[in-house]
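Report on the following structure.
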Amino acid sequence: MIPHELLFYCRPGFEHDLGAEVTDKASLIGWNGSLQAETNSGYVRFILPGKPANALHREIPLDTLVFARQSLVALPPLVGISRDDRISPIVSQVLESGWSFESIWQETPDTNDGKALSGLIKALERSLPSALKKCGALRRKAGKRRLHLFWTNGDSVQLGMSFPGNRSEQPGGILRLRAPREAPSRSTLKLEEAWHVFVPRDAWPTRLSEGMQAADLGAAPGGWTYQLVRKGMYVYAIDNGPMDKALMATGQVEHLREDGFVWEPPNRLDWLVCDIVDKPMRVVEMVERWLLRRWCREAVFNLKLPMKQRWQEVERCLSCLDQQLREARVAAEIRCRHLYHDREEVTVHVRLLA
Ligand SMILES: C[S@@+](CC[C@H](N)C(=O)[O-])C[C@H]1O[C@@H](n2cnc3c(N)ncnc32)[C@H](O)[C@@H]1O
């Protein structure tokens with residue numbers, strides 16, 4: 001059985017944004033599929049009748065998608081399976097597909113209904129791997145492939161496959177971080193997650209290091225500044241609002257009550273971060289100015305998305321940024337993700353390459 005669909009996970013409420021993004025990106029490279037995207041379900045199916053989904057899965061890697069938390073090649077959902085024997089239909093479909101894999105993850109949508117399925121998952125934790133090992137599908141060596149069982153209710157599950165290098169290594173595609181007790185706001189986790197997602201761990205010592213200089217636009221009360229300070233950086237915190245006292249006592253922060261859209265740094269900095277709530281295009285144009293003048297090497301900023309057509313707005317902003325940098329012959333890597341700690345917003349990372 002050749003898989004004919006892709007299954008993506010997302011934050012509940014963003015199914016139509018993810019659906020629009022996948023449809024656009026697939027059609028740009030000549031793939032047309034049909035979409036199943038139920039509001040607040042926490043996932044999207046992209047069905048490609050008669051076509052091998054593996055090829056499209058490779059052509060739109062997870063790293064290049066904004067609204068997807070996980071991307072899988074998937075088999076048709078198994079629905080109405082008997083609560084007395086959930087294992088047999090799963091084993092049959094696996095055998096029919098010819099799939100082999102090294103690990104199994106049972107997952108659910110990131111919804112309250114999904115969370116209520118944790119007991120069911122626990123109950124299958126031992127028996128399912130044992131049955132799949134017995135039939136030869138679960139093996140010690142199988143190209144690091146992973147079988148995902150995505151339970152949408154007690155009698156419906158969809159089987160998906162993920163491949164190393166093109167998947168989230170976090171269950172449910174969710175990077176859970178603990179908020180540091182002394183951080184001035186929970187927003188601190190947005191910047192921490194951005195670094196985990198956009199800066200490879202082995203590059204942290206050189207790209208997030210002591211003695212670097214950063215600007216934090218819209219810094220108060222200081223959740224993002226806290227992350228920069230924790231890395232040993234010196235920070236210009238730009239905001240009319242008050243900054244956290246303990247953070248100011250570190251001596252690593254200069255608080256300037258200025259307008260982040262017009263403030264200019266005194267010298268070239270390493271990082272620009274910006275969490276100002278404003279029109280996405282206004283933020284993009286401001287960051288563009290920083291990049292074209294090379295006032296920073298890397299930038300992380302949020303685009304707030306209170307509008308309905310969120311994918312279209314993100315696409316418009318990213319295209320504009322990309323075009324401006326290209327026209328000025330400024331080589332840069334641009335990435336954008338809807339992070340777990342983002343709500344009605346996405347996070348963009350830009351790194352100048354020369
Ligand atoms: C979402 S909060 C930032 C939270 C911060 N990142 C944290 O982790 O604590 C947005 C901040 O942007 C500030 N702000 C809004 N417009 C601004 C502007 N034009 N220049 C500088 N700061 C601005 C607000 O005062 C507010 O403190």
Side-chain angles (χ1 to χ4, degrees), residues 11 13 175-199 208 212-266 269-291 293 295-296 298-307 310 313-314 317 321 335-350:
R11 172 183 275 277
L175 179 64
R176 293 185 194 276
L177 297 168
R178 194 172 300 160
R181 231 182 314 132
E182 62 287 7
S185 70
R186 272 195 69 83
S187 295
T188 197
L189 295 180
K190 292 192 285 180
L191 185 57
E192 188 179 347
E193 186 182 356
W195 284 339
H196 281 282
V197 171
F198 298 125
V199 184
L208 292 168
M212 284 186 158
Q213 291 190 314
D216 183 357
L217 309 182
W224 288 28
T225 296
Y226 168 84
Q227 292 292 340
L228 297 158
V229 164
R230 202 154 74 145
K231 288 273 176 268
M233 296 192 204
Y234 182 85
V235 186
Y236 294 100
I238 315 299
D239 203 309
N240 260 326
M243 290 293 287
D244 178 74
K245 285 204 177 73
L247 206 50
M248 295 309 297
T250 60
Q252 283 169 249
V253 184
E254 187 171 338
H255 180 195
L256 301 167
R257 294 180 186 277
E258 303 216 26
D259 182 352
F261 286 99
V262 298
W263 181 76
E264 298 186 4
L269 307 180
D270 299 287
W271 279 89
L272 164 68
V273 300
C274 173
D275 190 22
I276 294 178
V277 181
D278 210 304
K279 289 205 174 70
M281 196 52 99
R282 185 164 186 234
V283 173
V284 164
E285 282 166 3
M286 180 269 293
V287 175
E288 247 166 44
R289 190 160 51 95
W290 273 71
L291 295 167
R293 296 180 192 186
W295 287 344
C296 61
E298 296 194 50
V300 167
F301 55 100
N302 272 169
L303 301 177
K304 313 287 174 182
L305 303 169
M307 66 287 297
R310 291 179 285 220
E313 183 67 12
V314 170
C317 288
L321 179 60
R335 289 181 62 199
C336 177
R337 300 297 303 269
H338 187 210
L339 302 178
Y340 174 64
H341 295 93
D342 286 336
R343 288 177 183 272
E344 300 277 303
E345 62 200 327
V346 291
T347 301
V348 186
H349 172 247
V350 186

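Because the structure is predicted, anything quoted here is derived from the model rather than measured. All ligand and atom numbering here is 1-based and tracks the order in the structure.
Atoms CD and OG1, from Glu182 and Thr188 in turn, are 9.0 Å apart once rounded to the nearest 0.5 Å. In this structure, the separation between CG on Leu256 and CE on Met243 is 10.5 Å, given to the nearest 0.5 Å.
Remark: side-chain polar atoms of Gln227 are not paired, donor with acceptor, to backbone N or O of Glu192 under 3.5 angstrom.
Surrounding CZ of Arg289 are more than 12 heavy atoms belonging to other residues, nucleotides or ligands, all under 6.0 Å away.
Between Asp275 and Lys304, at least one side-chain N (NZ, or NE/NH1/NH2) sits under 4.0 Å from a carboxylate O, which counts as a salt bridge.
Each of Ser185, Ser187, Gly218, Ala219, Ala220, Pro221, Gly222, Gly223, Trp224, Ile238, Asp239, Glu258, Asp259, Gly260, Phe261, Asp275, Ile276 has a non-hydrogen atom positioned under 4.0 Å from some atom of ligand 1.
Shown here are the ring-ring contact (aromatic ring centres under 6.0 Å, His included) partners of Tyr236, two or more places apart in sequence or in another chain: Tyr234, Trp263.
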